[in-house]
Structure formats: structure tokens, C-alpha cells
Enquirer: 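Structure below; questions to follow.
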Amino acid sequence: MTSEYDVIVIGAGAVGENVADRAVQGGMTTALVEAELVGGECSYWACMPSKALLRAGVVLRSAENVKGASAAVTGTVDAAAVFERRNSFTSDWNDQGQADWVSGAGIELMRGHAVFTGVKELAVTAADGTVTTLRARHAIVVSTGSTALLPDIPGLAEAAPWTSREATSAQSAPARLTVVGGGVVACEMATAYASLGSTVTLLSRGGLLANQEPFAGELVTASLRELGVDVRTGVSPTAVERGADGVVRTTLADGAVIEGDEILVATGRLPRTGDLGLEAIGLEANQWLTTDDTLLVLGADGEPLEGEWLYATGDVNHRALLTHQGKYQARAAGDVVAARATGTPLATGPWGRHAATADHAAVPQVTFTDPEVASVGLTAAAAEKAGFRIRVVDYEIGNVAGASVSRDGYQGTARMVVDEDRQVILGATFVGPEVSELLHSATVAVVGEVPLSRLWHAVPSYPTISEVWLRLLETYGRDASA
């Protein structure tokens with residue numbers, strides 16, 4: 001069988017769904033190909049289930065830290081209820097609701113595994129072995145995401161380790177959990193499972209959250225230890241073995257052995273491009289798909305493939321491995337494909353409708369540990385490396401009236417990184433309970449390059465934690481308003 005569409009999207013995760021929807025809105029006939037569940041990683045094994053696992057512990061600790069409410073807290077987190085609530089967010093890993101949305105949006109859903117057979121052509125193999133040839137008149141968009149990296153540690157693969165998928169889809173908390181890694185997934189899942197009653201040991205070869213401002217990792221490390229997590233930095237496993245008794249034994253370089261009932265490996269991601277048949281179109285398998293800002297895939301020569309027909313959005317292009325950023329790219333790519341197909345002029349300059357400019361220096365991210373870490377733009381170190389003349393302004397969030405109302409003994413830190421030559425904010429980081437809700441205001445300031453003199457007139461409501469913006473500006477100096 002052969003079918004032809006204007007646009008074909010490979011991967012029906014949140015990113016692929018958005019590409020397809022945008023293409024349809026642009027008048028394109030569109031097919032969406034998915035080999036697993038419609039909704040993808042974010043819906044079933046990442047964003048939503050992980051945050052559902054974290055939320056109960058955060059709420060409990062918030063109540064414990066407010067006099068009056070703390071007297072009502074008499075128990076611990078009900079782990080079974082947390083897992084049940086998490087299951088509701090994943091619809092018990094049934095994707096019918098999302099498949100119905102795809103159909104309702106005018107997108108043709110095809111279930112099966114897609115392989116490139118030539119330019120603008122795919123072979124899609126369904127579960128029953130049926131093969132359908134799909135041809136695209138204008139574009140194919142790869143939105144296949146990424147998968148967990150398993151480091152080459154002797155015995156690790158044979159020990160049946162957890163990755164983020166197993167950690168977010170487990171139906172009970174192991175008595176003992178060993179976590180390998182120091183990034184977002186490692187820190188979030190260490191927080192979640194410690195809250196759910198597991199004895200957690202976290203092993204990281206460096207400091208935690210190393211890509212963030214240094215104080216972020218320091219505050220999260222202290223918090224994890226308060227939760228009872230055994231955080232060990234500067235260590236790396238040299239061997240892993242799951243014994244006949246089911247116990248996972250992790251050996252460190254100094255000979256120490258950590259015993260756990262499960263081991264979660266969260267040390268990085270790899271592109272899901274190994275089985276797409278990229279060789280048929282002159283690209284290498286198992287590689288990230290590099291793109292320009294219109295999301296066109298670039299070949300080895302740094303130029304788009306002939307005909308400008310292949311796009312990549314989301315994790316697979318390695319620009320910013322975050323669902324919201326992938327969806328941002330999807331909106332741009334869907335609009336680009338439709339515009340090129342209809343001969344509509346493109347706005348591809350910085351911050352244009354058809355360019356994913358924000359990927360470079362305005363990426364917002366929240367790490368849902370307790371405290372949360374919310375950041376956007378450049379860290380101080382990244383700004384200095386990029387050659388900016390900067391000033392760093394820090395303020396203790398707990399000194400803000402709204403923070404003291406929110407939680408007794410509130411602890412947290414805010415930082416803004418200022419470009420001294422242009423008097424605009426290059427980056428901002430907030431670490432503290434519930435600071436994620438501060439992030440979008442920072443994102444607007446960074447993306448809009450709002451001058452500090454104008455920010456002085458953005459008056460925060462009292463008493464809210466947002467007043468930290470005023471305190472940051474005051475710390476910088478009232479002359480910013482001149």
C-alpha cells in the first residue's frame with residue numbers, strides 16, 4: 001500500500017503532535033507515525049508521571065513547615081495512593097484519549113515503525129507485519145526523541161537497571177534504591193523515592209546539577225541529605241551485579257559496595273535515530289540530527305539536504321532536551337513547512353516567527369526537587385564564557401515578606417545575571433520552595449531584553465514571593481532606574 005501526504009511526522013510525542021497540528025492548521029495534509037504510545041515520553045514516562053510522583057512529598061513538607069498546618073500532619077506520604085494518582089495521569093498507559101485528539105485535529109495517525117527508504121519516502125511496518133509506503137509532497141519531520149544512556153560499567157546492563165522509564169512507571173517503591181547520576185532526573189527521582197519511603201543512595205561523579213548556578217546544586221544536595229538521601233559526590237561505579245538474591249551491589253572505585261533493591265541510571269541521553277534507516281538519505285545512524293533555526297536538518301557539509309525537505313524537532317536535534325522547548329520548535333517547524341509549501345515569505349531572522357531563536361540563550365527549565373530550581377538564559381559562568389561584561393546580583397528569597405508567609409524558615413536564593421553594556425538580564429535562577437511560578441516573568445524579561453530601567457516599573461504585588469524582583473533591582477542599585 002502507498003499513501004501520500006503533504007507532511008509526514010515520525011514520532012507522536014508532545015513535540016510531533018504539535019508539528020502535525022501546526023501543519024494541518026497551515027492547510028497541509030498530515031500523517032503522524034508512532035511505534036509506541038501516542039503522547040510519547042512526556043505523557044507516560046517523563047514530565048507528567050515524574051511530577052505526579054514528586055507532588056505529594058512537596059505538599060506534605062510545605063504543610064510541615066507552616067505552624068498551624070503542621071499540627072494537622074500526623075502521617076507520612078501514602079505511597080500506594082501516590083502511585084494510583086500517577087497512574088491516572090498516564091491513563092494507565094492507554095493512549096486512546098490522545099489518539100482521539102489526533103483524529104479530531106484532522107491528522108492521520110499511522111501506528112507502526114517508520115524507516116527511510118529514500119528522499120521523502122518511508123516504509124512503515126505495523127505490528128501485524130503489514131508494510132505501508134508513505135510519501136511526502138513537501139516535508140518529513142523527525143520527532144523521535146531520545147533514550148536513556150547506559151554507561152559502559154561492567155555488569156550494569158545485566159543487572160536490569162532502571163532508567164527514567166522504569167522509575168516513573170514503577171508500581172511500588174523499592175526498600176533501597178541506588179541512583180547513579182547528578183542531573184535533573186537523578187535529583188528528582190531521588191527526591192521522589194525518598195519521599196515515598198525508599199532508602200536512597202545517590203552516586204555522582206561531580207556535583208549535583210552541574211550545569212546550573214553552583215548554589216543550586218549546593219541547596220539541593222543539602223535538602224536531599226535532610227530527606228535522608230545518602231548523597232556521595234566525586235564517586236563513580238566500577239562494577240554492578242544483581243545477585244541471585246535479587247540485591248543489586250554497586251562497587252565504587254575505593255572498594256565500597258552499595259546494596260540496593262533497584263538501581264536507577266540517569267547519566268545522559270542518546271538520540272533515537274538508530275533504526276530509522278537514515279543511511280538511505282545520506283545521514284549516519286545513532287547521531288543527533290543537527291538543524292538550523294528553521295529546524296531543517298543539516299548534512300555533514302553544514303547545509304540543508306537538497307530540496308530542503310527534512311526537519312527535526314525535540315530531543316532528537318539536541319538543541320534543548322525539554323518538552324516545552326521541543327513544542328516551541330514544533331510550532332516554528334510546522335509554520336515553516338506550511339509557509340515554504342505555499343510560497344509564503346519566511347521570517348527567519350532572530351525572534352522571527354519561523355526561527356527557534358530561544359533555543360540558544362533563553363531556555364527556561366525547572367528541576368522539581370524540593371527546593372525547586374527554576375532558571376532561564378545564561379548562568380554567570382556561561383555569560384562570561386560568551387564574552388559578556390556582567391554583574392551578578394544575588395538575594396536571599398527568605399528575606400522577602402511573601403516568602404516568610406509562604407513557609408516558616410523559608411530558604412532560597414535568587415540570582416540575576418546582568419549585561420552591563422546593555423543593562424538587560426541575560427539569565428536568572430531561583431532556588432526555593434514553589435519558585436517555578438517565578439520563572440515565566442524571568443523568561444519574558446530575558447526574551448524581551450527588557451531594560452532594567454523599565455523593569456523598575458513592573459511593580460510586584462505584596463506580599464508575594466515575586467517581590468524578590470524588586471529586591472534584586474534594589475540590590476543592583478536604584479541608579480538602574482535613571
Side-chain angles (χ1 to χ4, degrees), residues 41 45-46 50 53 145-212 217-218 220-275 285-288 315 318 321 367 369:
E41 206 78 13
W45 301 288
S50 66
L53 290 176
S146 63
T147 189
L149 164 70
L150 280 185
D152 187 18
I153 299 172
L156 177 61
E158 295 76 17
W162 279 8
T163 66
S164 55
R165 282 201 169 194
E166 289 75 23
T168 55
S169 61
Q171 294 299 319
S172 62
R176 299 169 298 176
L177 176 65
T178 304
V179 179
V180 180
V184 173
V185 172
C187 291
E188 287 189 348
M189 289 298 94
T191 302
Y193 277 94
S195 301
L196 292 167
S198 298
T199 298
V200 179
T201 302
L202 190 153
L203 310 173
S204 177
R205 64 182 179 182
L208 304 190
L209 303 178
N211 292 328
Q212 297 280 354
E218 292 166 4
V220 169
T221 298
S223 174
L224 285 170
R225 285 175 172 154
E226 286 181 15
L227 280 175
V229 177
D230 180 3
V231 180
R232 306 189 189 189
T233 57
V235 299
S236 296
T238 57
V240 177
E241 180 183 21
R242 187 182 291 270
D245 55 2
V247 175
V248 181
R249 296 174 176 85
T250 303
T251 303
L252 306 182
D254 63 1
V257 177
I258 310 298
E259 292 192 346
D261 298 288
E262 299 293 348
I263 181 170
L264 164 61
V265 180
T267 55
R269 307 290 293 179
L270 294 172
R272 297 185 70 176
T273 58
D275 56 0
N286 296 306
Q287 300 298 309
W288 302 103
D315 280 15
H318 209 236
L321 278 66
T367 303
T369 44

Enquirer: Apply side chain to side chain contact (heavy atoms under 4.5 Å, CB included) to residues Thr369 and Ser223 and explain how you reach the verdict.
Expert: CA-CA 9 Å; Thr369 44; Ser223 174; over 6 Å; no
Enquirer: Take Arg176 and Val247, measure what side chain to side chain contact (heavy atoms under 4.5 Å, CB included) needs, and give me the verdict at the end.
Expert: CA-CA 9 Å; Arg176 299 169 298 176; Val247 175; 3.7 Å; yes
Enquirer: CD1 of Ile263 to CD1 of Ile258: how many Å apart, nearest 0.5 Å?
Expert: 10.0 Å
Enquirer: Mind jotting down which residue pairs meet the ring pair (Phe, Tyr, Trp, His ring centres under 6.0 Å) criterion with at least one end in residues 173-210? Sequence neighbours excluded, please.
Expert: Trp162-Tyr193
Enquirer: Do the side chain of Thr168 and the main chain of Ser50 share a donor and acceptor less than 3.5 angstrom apart?
Expert: no
Enquirer: Between OG1 of Thr267 and CD1 of Ile153, what distance do you get to the nearest 0.5 Å?
Expert: 7.0 Å
Enquirer: With a 4.5 Å cut-off on side-chain heavy atoms, are Leu208 and Leu202 touching?
Expert: yes
Enquirer: Arg225: which residues meet the salt bridge (Lys or Arg N to Asp or Glu O under 4.0 Å) condition with it, sequence neighbours left out?
Expert: none
Enquirer: Quick one, Thr163 and Val265 - any side-chain contact, counting heavy atoms below 4.5 Å?
Expert: no
Enquirer: Within the 4.5 Å heavy-atom criterion, are Ser164 and Trp45 side-chain neighbours or not?
Expert: no
Enquirer: Assess whether side chain to side chain contact (heavy atoms under 4.5 Å, CB included) is satisfied between His318 and Arg269, documenting all intermediate values.
Expert: CA-CA 10 Å; His318 209 236; Arg269 307 290 293 179; over 6 Å; no
Enquirer: Would you indicate whether the side-chain heavy atoms of Val200 and Met189 approach each other to under 4.5 Å?
Expert: no
Enquirer: With side chain to side chain contact (heavy atoms under 4.5 Å, CB included) as the criterion, how do Arg232 and Leu252 come out once you've worked through the C-alpha distance, each side chain's angles and the decisive distance to 0.1 Å?
Expert: CA-CA 11 Å; Arg232 306 189 189 189; Leu252 306 182; 4.1 Å; yes
Enquirer: Is the backbone of Arg272 close enough, under 3.5 Å, to the side chain of Thr147 for a donor and an acceptor to pair up by distance?
Expert: no
Enquirer: Is there side-chain contact between Val248 and Val240, with at least one heavy-atom pair below 4.5 Å?
Expert: yes
Enquirer: For a 4.5 angstrom cut-off between non-hydrogen side-chain atoms, does Thr367 reach Glu188?
Expert: yes
Enquirer: To the nearest 0.5 Å, what is the distance between CG (Leu203) and CG (Leu264)?
Expert: 11.0 Å
Enquirer: Answer yes or no: is there a donor N or O on one side and an acceptor on the other, between the side chain of Arg242 and the main chain of Asp261, under 3.5 Å?
Expert: yes
